[in-house]
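Report on one structure; see the data block that follows.
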Amino acid sequence: MNWADDDDPYEGAASLSQRAMAGAMQARAAPYLEKLNPQQRQAVETLDGPVLMLAGAGTGKTSALTARIAHLIHTGRARPNEVLAVTFTNKAAREMKERVGRHLGGAIEGMPWLGTFHSVCVKLLRRHAELVGLKSNFTILDTDDQIRLLKQLIVAANMDEKRWPARQLAGLIDGWKNKALTPEKVSGRETAAFDNRGSELYAAYQARLKTLNAVDFGDLLLHMVTIFQTQPDVLAQYQRWFRYILVDEYQDTNVAQYLWLRLLAQGHKNICCVGDDDQSIYGWRGAEVGNILKFEKDFPGAAVIRLEQNYRSTEHILSAASGLITANEGRLGKELWTEAEGGEKVRLIGHWDGEEEARWIGEEVEAIQRGTRGNPPISLNSQAILVRASHQMRAFEDRFLTIGLPYRVIGGPRFYERLEIRDAMAYFRLVTSPDDDLAFERIINTPKRGLGDKAQQRIQVAARENGLSLLDGARMLVAEGALSGKAAGQLRLFVENVARWHEEVVQASPATAVTRAEDDELLIEPAEDGVAPANDLSHVRLAERILEESGYVEMWQNDKTPEAPGRLENLKELVKALEQFDNLQGFLEHVALIMDNDKAETEEKVSIMTLHAAKGLEFPVVFLPGWEDGLFPSQRSMDESGLKGLEEERRLAYVGITRAEELCTISFAGNRRVYGQWQSQMPSRFIDELPPAHIDVLTPPGLYGGGMNGGGFGGSSAMEDRVSRADVYNSPGWRRLQNAQSRGVSQPREARHMVIDAKGESDYEIGDRVFHKKFGYGEVMGSEGDKLVVEFDKAGEKRLLSSFVVPAADADDVPF
DNA sequence: ACGCGATATATTTTT
DNA sequence: TATATCGCGT
């Protein structure tokens, strides 16, 4: 269907004249237009119809996006609440809100429909929950709840939960939800998943969620897609309402998000998607680069606007990144350029092993900080180390601790994912909704109340037989005096406490039930996300008392482990966060989606983070360690996704380099300990792909200079005998690079053998003899998912990734 | 009910 | 190597 041919009742004369008027006033009344380059300006002013904004790294994407929103509002094209703008992270949403506000002189009310996909969907789903069999006060389960629930279902289905782990099922279900597949729609070879019972368990899981009046993250989108697909009147209402739609990081959208957007955009067809196919690095969690690649097909008549002027990096850095990414196929294609001339080339250096790499980088960071490298001093805050996998961080943390270099790890476990926070949240959940069985299960014996498996089973039985919630089941057992001794008293106390707290919650917030308003009212008057300042802080005191009286705080006070004090700190922080909300209920409704803990740190520190976490950030100085084949590109990526995986790894490398503003240093180590075993490493194939004209190869410390000839290297550990130190510098990649460097020419990359082909199928056949460094020799019996089933002569049957074995004939090549 | 030793297992992460 | 989970013994 061609959208451009549809007639559109909402594109009438009024808006035309409005547009003319707006055009007249722009010149003097729109300060947000002034600093834009011509392409950005085009992206801001092309308001009608679909627009794809291809925004390369550092090209001022957010400026253009926020100016566009400001422009829509400023020119009267739409009121703030008629603009739907979605991002992936709360951070991005927050930043966008701020900047739109700034463009418009801060004079606008908040935009209710600017938020993450998930937070917008929650808002919508609360209004239409009954259409998918939920109540509007449904709870949002976190991953932990999800896993526990699935585990129960797996056990109930008489499956061996060891062989069929809940985690794996959770992954499958998430994947299906990302593809907008409801249980009935799971088809084809997917049906074979999880011992042929995947879709069956998926259906059971969805049914269970419904009875719990709960959803998981994936459901938020899936349910809304279902509603839009089955309720044309509901869809039509929103199609009419959202006059303009904007999408950030479009290359990261999954199928469900894509469908959701396409359905909504069919009204006014004013959808503007911003993204960069070269920065698509989330394929493994369901993102479809295809969405951005086929945008013009999906939205006929789309204007494609390229932002190619880079304001971030120097020429060499930009060229190095551009050169690397050209190795990918099927790109939309962009040519980034910059006015900044010269600058330092991207530096490349090899090291003996991971520890030495960390040592060298530590010294570099300090030298750059002091300015002893002939540069002006650059603060630690301006320097970052970006790694492929978080376990690589360790070497740096160890080293930086010993030399006293302050560092900060970005990423890591989120605040609300921490044990103590989830426990506390479970208390609050149970107190506000006594039917929340998952919350009950989580805390009934935390702290220890002597209510173990046996007692809990009795509660389960009592509840199920009488159709009660677990809390009511427990209450019944107490009333009957069915339990004996210590357990009875403890359970009674628990039940009474919860009842008492619940009373207080009800008293504290009498009028906060969700008001069911007529559709259009709610559209016009939605509440701001949890920023309403509370004047009565009784719920905060109640929360404190819950944690005190339940014995939960005491539990951690008595805990002798080193992390206990930190946990108590976190609990305090949690209670403090409550102040931002009017009541416990309101807090719980939002916390699952919008709570994050990036508090402003003031101290000077060098940052350590994964490449994924670095997307969207920039630093004057960037170190990219660990560029070794198997580590980066990651072997697992290539095994699981073949060429597609390799290309995503390459985009990750591209993201890494383009984070740097002035100085970018890539490094690799010849030897690295992997799972406790020393392994010799080959430099990454990406190193071969860097354009030599923009690379400066540094002499490895002590290798060619310094009068060392082997003896003093790497100490005297036994490992020295096991690994040939010549490996790295004699490797094809390294030699090619040296040669190319001296001639200033790039060399074609040698084809490499990949164990797994592009379809992700294993090259091994049943009956093949293989060798594993721990299990020894064995025979391939078959495959299961992405794993190989191998019957080892000594170790028995194992399931493992094919990358962990080699053909038996090559056993000699396995390093010990 | 709980704590300890055996055992398996090993990216990337947001909501 | 390091961690997380599990089953068993007390």
Side-chain angles (χ1 to χ4, degrees), chain A residues 86-93 115-122 140-143 146-147 151 161-163 165-167 171 174 177-178 215-221 249 252-254 256-257 280-287 354 386-395 398 410-414 416-417 445 448-456 486-487 490 590-596 609-616 626 630-641 645 648-649 651-652 655-656 672-679 774-775 787 795-796 798-801 803-804:
Chain A
V86 281
T87 64
F88 278 86
T89 64
N90 291 305
K91 195 176 159 205
T116 63
F117 276 99
H118 295 268
S119 67
V120 168
C121 279
V122 172
I140 301 164
L141 300 190
D142 62 21
T143 324
Q146 198 184 349
I147 302 270
K151 198 175 267 174
E161 51 166 334
K162 282 210 78 168
R163 203 164 133 75
R167 294 207 138 275
D174 275 347
K177 289 184 176 177
N178 285 340
V215 299
D216 62 23
F217 287 122
D219 281 337
L220 294 173
L221 268 138
E249 306 279 17
D252 289 338
T253 51
N254 61 33
Q257 288 156 339
S280 163
I281 54 174
Y282 285 110
W284 51 273
R285 67 175 198 209
L386 313 182
V387 298
R388 172 66 246 266
S390 47
H391 66 251
Q392 290 173 262
M393 294 180 181
R394 221 207 126 136
D398 284 352
I410 312 275
R414 306 255 158 279
Y416 58 83
E417 280 170 354
N445 203 28
K448 297 277 185 296
R449 297 190 172 88
L451 298 162
D453 283 348
K454 220 179 95 207
Q456 287 187 43
K486 190 184 157 211
Q490 288 286 312
H590 289 281
V591 79
L593 289 173
I594 63 164
M595 193 157 159
D596 39 28
M609 70 190 89
T610 63
L611 287 161
H612 284 92
K615 193 166 90 154
L631 182 59
F632 189 38
S634 130
Q635 189 61 50
R636 188 150 167 196
S637 256
M638 294 186 291
D639 287 353
E640 285 175 4
S641 315
E648 184 156 309
E649 295 286 307
R651 291 193 290 268
L652 204 44
V655 167
R672 197 174 285 277
R673 215 163 29 182
V674 182
Y675 306 141
Q677 302 275 336
W678 281 99
Q679 265 191 257
K774 193 159 143 210
F775 303 135
K787 304 264 178 64
K798 303 277 176 195
R799 292 156 62 249
L800 29 76
L801 289 176
S803 53
F804 289 119

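Chain naming here is simple, since letters A, B, ... match the order of the sequence lines and numbering starts at 1 in each. The figures here come from the full heavy-atom set of this structure, side chains too, leaving out hydrogens, waters and symmetry mates. All values reported here derive from a predicted model rather than from experimental measurement.
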Checklist outcome for this item: Applying the 3.5 Å cut-off to both distances, the Watson-Crick or G-U partner of B:dA1 turns out to be C:dT10
Next on the checklist: From C-beta outward on A:Asn445, which listed nucleotide comes closest to its side chain: B:dT11, B:dC2, B:dT15?
Outcome noted: B:dC2
Checklist entry - Checking all strands, does A:Gln146 fall into the base, sugar-phosphate, or nothing category for heavy-atom contacts under 4.0 angstrom? => result nothing
Next on the checklist: From CD1 of A:Ile147 over to C1' of B:dT13, roughly how many Å is that when rounded to an integer?
Outcome noted: 14 Å
Checklist entry - Within this structure, what is the OH-to-P distance between A:Tyr282 and B:dT11, rounded to whole angstrom? => result 17 Å
Checklist entry - Which listed nucleotide (B:dC2, C:dT1, B:dT13) is nearest to the side chain of A:Tyr675? => result C:dT1
Item to check | A:Gly354 to A:Ala395 - nearest heavy-atom pair and separation | outcome: O-CB, 4.5 Å
Checklist outcome for this item: Between A:Gly411 and A:Arg449, whichever has its closest DNA chain B nucleotide further toward 5' is A:Arg449
Next on the checklist: Considering every strand and a 4.0 Å limit on heavy-atom distances, what is the contact class for A:Leu631: base, sugar-phosphate, or nothing?
Outcome noted: nothing
Next on the checklist: What I want to check is whether an N or O donor and acceptor connect the side chain of A:Arg388 with the base of B:dT12 at under 3.5 Å.
Outcome noted: yes
Checklist outcome for this item: The nucleotide from B:dT15, B:dT11, B:dT13 with an atom nearest the side chain of A:Arg636 is B:dT11
Next on the checklist: Can you give me the closest heavy-atom contact between A:Lys177 and A:Asp219, atom names plus distance?
Outcome noted: NZ-OD1, 2.8 Å
Checklist entry - A:Thr116 side chain: which of B:dT12, C:dT1, B:dT15 is closest? => result B:dT15
Item to check | Spacing between A:Gln392 atom CD and C:dA2 atom P, to the nearest angstrom | outcome: 16 Å
Checklist entry - When you measure from the side chain of A:His391, which nucleotide among B:dT11, B:dC2, B:dT13 comes out closest? => result B:dT11
Item to check | Gap between atoms CZ and C1', on A:Arg167 and C:dT3 respectively (whole Å) | outcome: 13 Å
Checklist entry - Over how many whole Å does the gap from A:Arg285 atom CZ to B:dT11 atom P extend? => result 17 Å
Checklist entry - Would you call A:Met609 and A:Leu386 a side-chain contact if the rule is heavy atoms closer than 4.5 Å? => result yes
Checklist entry - From C:dT1, C:dA2, B:dC2, pick the nucleotide closest to the side chain of A:Arg394? => result C:dA2
Next on the checklist: From the set B:dT13, B:dT15, B:dT11, return the single nucleotide nearest to any side-chain atom of A:Trp284.
Outcome noted: B:dT13
Next on the checklist: Tell me whether the rings of A:Trp284 and A:His612 are parallel (<30°), tilted (30 to 60°) or perpendicular (>60°).
Outcome noted: perpendicular
Next on the checklist: Does a side-chain N or O of A:Ser390 approach OP1 or OP2 of B:dT12 to a distance below 4.0 Å, or not?
Outcome noted: yes
Next on the checklist: Rounding to an integer number of Å, can you tell me how far A:Lys454 NZ sits from B:dC2 C1'?
Outcome noted: 15 Å
Checklist entry - Taking atom C1' of B:dT13 as reference, at what distance in whole Å does atom CE of A:Met393 sit? => result 12 Å
Next on the checklist: Over all strands shown, is A:Gly218 touching base, sugar-phosphate only, or nothing at heavy-atom distances under 4.0 angstrom?
Outcome noted: nothing
Checklist entry - Side chains of A:His118 and A:Ile140: closer than 4.5 Å at any heavy-atom pair? => result no
Checklist entry - How far apart are the closest heavy atoms of A:Phe88 and A:Glu249, and which atoms are they? => result CE1-O, 3.3 Å
Item to check | Residue A:Asn90, side-chain atoms from C-beta onward, closest of B:dT13, C:dT1, B:dT15 | outcome: B:dT15
Item to check | DNA chain B: 5'-proximal contact among A:Ser637 and A:Ala455 (nearest heavy atom) | outcome: A:Ala455
Next on the checklist: In this structure, how many angstroms lie between the P atom of B:dT15 and the CD atom of A:Gln257, rounded?
Outcome noted: 12 Å
Checklist entry - If the C1' atom of B:dT12 is compared with that of C:dT5, how far apart are they to the nearest Å? => result 23 Å
